[in-house]
Engineer: 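Got a structure for you, questions after.
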Number of protein chains: 2
Amino acid sequence: MSAGHTGVTPLPAPCGLPEHPDCGIRDVLDRIGDRWSVLAIVELTAGTRRFRQVQRGVHGISQRMLTLTLRRLERDGLVLRTAYPTVPVSVTYELTDRGRSLAALIGQLADWSLANRDGVAESRRRYDADGPGSGVS
Amino acid sequence: MSAGHTGVTPLPAPCGLPEHPDCGIRDVLDRIGDRWSVLAIVELTAGTRRFRQVQRGVHGISQRMLTLTLRRLERDGLVLRTAYPTVPVSVTYELTDRGRSLAALIGQLADWSLANRDGVAESRRRYDADGPGSGVS
DNA sequence: CTGAATCCGAAAGGATACTG
DNA sequence: CAGTATCCTTTCGGATTCAG
């Protein structure tokens with residue numbers, strides 16, 4: 001290293017354009033970001049499901065949030081919604097090809113989560129115990 | 001399919017335990033979920049940076065949010081914080097091994113975002129134009 | 001420079017009730 | 001069943017101010 005006493009690497013921007021918003025990661029993030037989208041996608045990874053099925057599968061989600069979440073996913077072309085004009089209405093949801101490609105990545109996140117959950121929990125315990133004031137100083 | 005007229009697959013839970021919260025995906029999500037964590041990680045992927053450097057790199061983030069974000073990442077063992085008792089205090093942040101492993105996945109999300117941003121934009125345009133009422137019915 | 005603390009508006013999200 | 005609409009609480013997050 002040669003950037004001073006702290007050894008800070010002088011790299012510019014991580015994406016190319018310094019003035020650019022942020023590569024466009026925000027687009028995914030806004031979809032991954034909310035509490036429910038990812039869970040809904042995971043649920044639909046299993047296959048086509050009806051509204052109530054998704055709700056039971058995700059759980060914790062309210063009717064309202066499920067509706068909003070599915071609407072957004074549909075709008076982004078990640079989920080396909082199909083309504084059947086049966087007597088009690090029936091609607092099914094399924095991932096589109098685009099949705100499945102994203103679901104694959106989400107699956108990796110889930111795997112990472114499982115693989116690191118213990119380590120993260122341990123880190124948190126230590127942090128909360130020793131406190132933030134245990135660094136170099 | 002053999003689950004009725006709608007062709008819904010009868011798979012149970014996507015993760016194993018139906019009563020379980022959700023596999024533990026929530027742990028990652030809570031870290032991926034907020035607007036800033038991911039951006040901060042991306043910024044640190046470039047290397048060790050000081051507080052202000054990260055702030056300039058992420059941009060849009062307020063001092064307050066950067067502090068909170070970095071604190072949480074540190075608590076989870078994703079980021080290592082080092083303080084140097086120089087005259088004007090100097091603090092550096094860098095990804096830990098765990099942080100880098102997550103950063104790799106985030107990089108994939110960024111790639112996906114770039115590859116699909118046009119398609120998503122197009123889907124949104126069509127959805128907003130035709131309206132949600134263009135499904136089977 | 002790096003942060004902590006306070007204030008406050010905006011937005012997310014839950015609960016509930018009602019509809020086709 | 002599959003929503004929609006309303007209310008209301010919680011959280012997020014920006015701006016500002018103060019401190020080591």
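Chain A is the first sequence line, chain B the second, and so forth, proteins listed ahead of strands; every chain is numbered from 1.
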Engineer: Mind calculating the distance between CZ (B:R35) and C1' (D:dG14) to the nearest angstrom?
Structural biologist: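 It is 10 Å, rounded to the nearest whole Å.
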Engineer: Please figure out whether A:R64 or B:P88 has its closest DNA chain D nucleotide nearer the 5' end.
Structural biologist: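 Result: A:R64.
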Engineer: Find the distance A:I61:CD1 to C:dA12:P and express it as a whole number of Å.
Structural biologist: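 Distance check: A:I61 CD1 to C:dA12 P gives 15 Å.
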Engineer: Does A:D128 pair with B:R75 as a salt bridge, N-O distance under 4.0 Å?
Structural biologist: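 Salt bridge flag = yes for B:R75 with A:D128.
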Engineer: Do A:L95 and A:L78 have side-chain heavy atoms sitting under 4.5 Å apart?
Structural biologist: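 Of all side-chain heavy-atom pairs linking A:L78 with A:L95, none is under 4.5 Å.
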Engineer: Would you say a side-chain N or O of A:R52 is under 4.0 Å from OP1 or OP2 of D:dC1?
Structural biologist: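 Yes, within the criterion.
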Engineer: Rounded to whole Å, please give me the gap between CZ in A:R81 and P in D:dA2.
Structural biologist: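 Nearest whole value for this atom pair: 10 Å.
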Engineer: Specify the separation, in whole Å, of atom CD of B:Q63 and atom C1' of D:dG20.
Structural biologist: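 Checked: the CD to C1' distance equals 14 Å.
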Engineer: Report the residue (A:V87 or A:G60) whose heavy-atom-nearest nucleotide on DNA chain C is the more 5′ of the two.
Structural biologist: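 Checking each residue's closest nucleotide, the 5'-ward one belongs to A:G60.
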Engineer: Could you verify whether a donor N or O on one side chain and an acceptor N or O on the other, from B:R98 and A:S123, lie under 3.5 Å apart?
Structural biologist: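 A donor-acceptor contact under 3.5 Å links the two side chains.
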Engineer: Quickly work out the B:R71 CZ to D:dC12 P distance and round it to whole Å.
Structural biologist: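 Distance check: B:R71 CZ to D:dC12 P gives 18 Å.
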Engineer: Ignoring backbone atoms, establish whether A:Y93 has a side-chain N or O less than 4.0 Å from OP1 or OP2 of D:dG3.
Structural biologist: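 So the side-chain polar atoms of A:Y93 do come within 4.0 Å of the phosphate oxygens OP1 or OP2 of D:dG3, strictly under.
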Engineer: If I take atom CG in residue A:D30 and atom C1' in nucleotide C:dA11, what distance separates them, rounded to the nearest angstrom?
Structural biologist: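 For the pair A:D30 CG and C:dA11 C1', the rounded distance is 13 Å.
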Engineer: Return the value, rounded to whole Å, for the distance between atom CD of B:Q55 and atom C1' of D:dA15.
Structural biologist: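 Taking atom C1' of D:dA15 as the reference, CD of B:Q55 is at 13 Å.
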Engineer: Can you check the B:L39 CG to D:dC12 P distance for me, whole Å?
Structural biologist: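 Between P of D:dC12 and CG of B:L39: 17 Å.
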Engineer: Measure from the side chain of B:R50, starting at C-beta and using heavy atoms only, and say which of C:dG20, D:dG13, C:dT2 lies closest.
Structural biologist: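 Nucleotide nearest to B:R50's side chain: C:dT2.
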Engineer: Is the NZ or CZ atom of B:R31 positioned over A:W112's six-membered ring, under 6.0 angstrom from the centre and within 45° of the axis?
Structural biologist: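 Negative - B:R31 is either too far from the ring of A:W112 or too far off its axis.
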Engineer: Students often get this wrong, so: under 4.0 angstrom with heavy atoms, is B:V89 touching a base, only sugar-phosphate, or nothing?
Structural biologist: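 B:V89: base contact, heavy atoms under 4.0 Å.
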Engineer: Please answer: with hydrophobic residues joined when any side-chain heavy atoms are less than 4.5 Å apart, are B:L29 and A:V120 in the same cluster?
Structural biologist: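 No, because B:L29 and A:V120 fall into different hydrophobic clusters, even though each may have its own neighbours under 4.5 Å.
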